Amino acid sequence: MDKHTIYLALGSNLGDRLENLKQAVAALSPQMDLKAKSHVYETLPWGYEDQPKFLNQVVKVQTYVEPEPLLKHIKRVEIALGRKTSFPNGPRLIDIDILFYDDLVLDTPVLTIPHPRLHERGFVLLPMTDIAPDHIHPVIQKSVRELMVTCSLSGITQVA
């Protein structure tokens, strides 16, 4: 059985945002083995703007878990950490998204990998450049560093 390399985006804009990120990273194991984590960035809300600023981070993990069971595990972690159902792009205690899963391209009713809008989001690309600037997007065929060139980074500041 092969280990898979996964990149996850973490975000929080409610409660103790930094502690929420730390708890989320800690809760990933034992199913996922942490290999690297980016700096933490404070970012403006995206989509729905009338809410507090987010803290965002990207982590690199390895796992034996296949994509859909991995998504189920991540959703259980979010709920265990206190995430409540909200509206799209609304405020949340913790949000964990699968950005990349090896170089897999997957589009099912429950899961799309790579994350469909990651190449448009500075709050994902900037932390991703901390740990994997040369990672190639398997659909767009550009590195994270190349994707960042065309992405707005306004309103993003490093906090940790």
Side-chain angles (χ1 to χ4, degrees), residues 1-13 17-47 49 52-71 73-75 77-78 81 88-89 92-108 111-160:
M1 191 183 303
D2 292 331
K3 268 195 175 179
H4 302 283
T5 299
I6 320 297
Y7 292 92
L8 302 172
L10 310 175
S12 175
N13 75 335
R17 301 171 301 162
L18 194 55
E19 184 60 28
N20 294 342
L21 294 180
K22 287 178 182 173
Q23 286 185 11
V25 170
L28 296 175
S29 64
Q31 290 86 346
M32 292 175 253
D33 183 22
L34 181 68
K35 294 299 180 185
K37 57 185 180 176
S38 73
H39 294 291
V40 175
Y41 295 88
E42 186 172 63
T43 64
L44 298 172
W46 190 92
E49 295 177 7
K53 290 181 179 179
F54 278 83
L55 288 187
N56 292 98
Q57 184 174 38
V58 170
V59 296
K60 175 182 179 181
V61 298
Q62 287 189 324
T63 187
Y64 292 110
V65 182
E66 294 300 314
E68 289 193 13
L70 183 68
L71 177 65
H73 171 65
I74 287 168
K75 294 303 166 198
V77 167
E78 289 177 339
L81 293 176
N89 302 314
R92 45 207 175 268
L93 211 58
I94 192 66
D95 184 37
I96 306 171
D97 289 329
I98 301 170
L99 300 176
F100 296 107
Y101 186 106
D102 293 329
D103 57 359
L104 179 69
V105 177
L106 178 72
D107 192 2
T108 72
L111 182 59
T112 302
I113 299 174
H115 191 284
R117 292 170 303 282
L118 75 87
H119 61 283
E120 303 168 356
R121 296 180 171 176
F123 64 86
V124 169
L125 292 173
L126 185 57
M128 183 88 185
T129 59
D130 289 344
I131 58 174
D134 298 320
H135 185 81
I136 301 294
H137 190 298
V139 175
I140 300 172
Q141 291 297 308
K142 289 186 176 181
S143 71
V144 170
R145 182 184 289 118
E146 289 172 308
L147 292 171
M148 216 174 80
V149 170
T150 59
C151 198
S152 171
L153 301 178
S154 69
I156 302 176
T157 53
Q158 182 179 324
V159 295

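Here the structure is a predicted model, which means the values were calculated and not measured.
Summarising the geometry, atom CD belonging to E146 is positioned 13.0 Å from atom OG1 belonging to T129; distances are rounded to the nearest 0.5 Å. Taking CD1 of I156 as the start and CG of L125 as the end, the distance is 8.5 Å to the nearest 0.5 Å. Distance check, rounded to the nearest 0.5 Å: CG of L10 to CG of L28 gives 6.5 Å. Here the CD1-CD1 distance, from I74 to I94, works out to 11.0 Å after rounding to the nearest 0.5 Å. Once rounded to the nearest 0.5 Å, the distance linking NZ of K53 with CG of L44 reads 5.5 Å. Atom CD of Q62 sits about 9.0 Å away from atom CD1 of I6, to the nearest 0.5 Å.
The heavy-atom pair separating P52 from P45 by the smallest distance is O-CG, 3.9 Å. Taking every heavy atom of both residues into account, P133 and S143 meet most closely at O-CB, 3.6 Å. Heavy-atom minimum distance, N56 versus G11: ND2-CA, 3.7 Å. Taking both residues in full, the closest heavy atoms of L34 and V61 are given as CA-CG1, 4.1 Å, listed atom of the first, atom of the second, then distance. Taking every heavy atom of both residues into account, V65 and L70 meet most closely at CG1-N, 3.4 Å. L106 and T108 get closest at one heavy-atom pair: CD1-CG2, 3.6 Å.
Sorted by first and then second residue, the ring-ring contact (aromatic ring centres under 6.0 Å, His included) pairs with a member in residues 134-160 read Y7-H135, F100-H135, F100-H137; sequence neighbours excluded. For residues 18-40, the pairs satisfying salt bridge (Lys or Arg N to Asp or Glu O under 4.0 Å) are K3-D33, D33-K35, with sequence neighbours left out. Sorted pairs that involve residues 140-160 and meet ring-ring contact (aromatic ring centres under 6.0 Å, His included), not counting sequence neighbours, are lacking altogether. Residue pairs satisfying the salt bridge (Lys or Arg N to Asp or Glu O under 4.0 Å) criterion with at least one member in residues 127-138, sequence neighbours excluded, are listed as follows: D134-R145.
Annotation: side chain of I98 is not in contact with side chain of P67 (no heavy-atom distance under 4.5 Å). Side-chain contact between H115 and R121 is present, with at least one heavy-atom pair separated by less than 4.5 Å. Between M32 and L8 there is a side-chain heavy-atom pair separated by less than 4.5 Å. Under the 4.5 Å side-chain criterion, counting only non-hydrogen atoms from C-beta, I96 is not in contact with H73.
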inquiry  = Is there a side chain to side chain contact (heavy atoms under 4.5 Å, CB included) between I136 and Q141? Walk through the geometry before answering.
reply    = CA-CA 6 Å; I136 301 294; Q141 291 297 308; 4.1 Å; yes
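Residues that satisfy the side chain to side chain contact (heavy atoms under 4.5 Å, CB included) test with A36, not counting sequence neighbours, are K60, I131. Listed by chain and residue number, H39 satisfy the side-chain hydrogen bond (donor to acceptor under 3.5 Å, both in side chains) test with Q158 (two or more places apart in sequence, or in another chain). For the side-chain hydrogen bond (donor to acceptor under 3.5 Å, both in side chains) test, residues two or more places apart in sequence or in another chain that qualify with S154 are S152. Applying the side-chain hydrogen bond (donor to acceptor under 3.5 Å, both in side chains) criterion to S38, with sequence neighbours excluded, gives no partner residue. Shown here are the ring-ring contact (aromatic ring centres under 6.0 Å, His included) partners of H4, two or more places apart in sequence or in another chain: Y101. In this structure, D97 has no side-chain hydrogen bond (donor to acceptor under 3.5 Å, both in side chains) partners at least two apart in sequence or on a different chain. In this structure L55 satisfies the side chain to side chain contact (heavy atoms under 4.5 Å, CB included) test together with R17, L18, L21, V40, E42, V159, sequence neighbours excluded. Applying the salt bridge (Lys or Arg N to Asp or Glu O under 4.0 Å) rule to E78 yields the partners K75, R83; only residues at least two apart in sequence or on another chain are considered.
The closest donor-acceptor contact from the side chain of N20 to the backbone of L93 lies under 3.5 Å.
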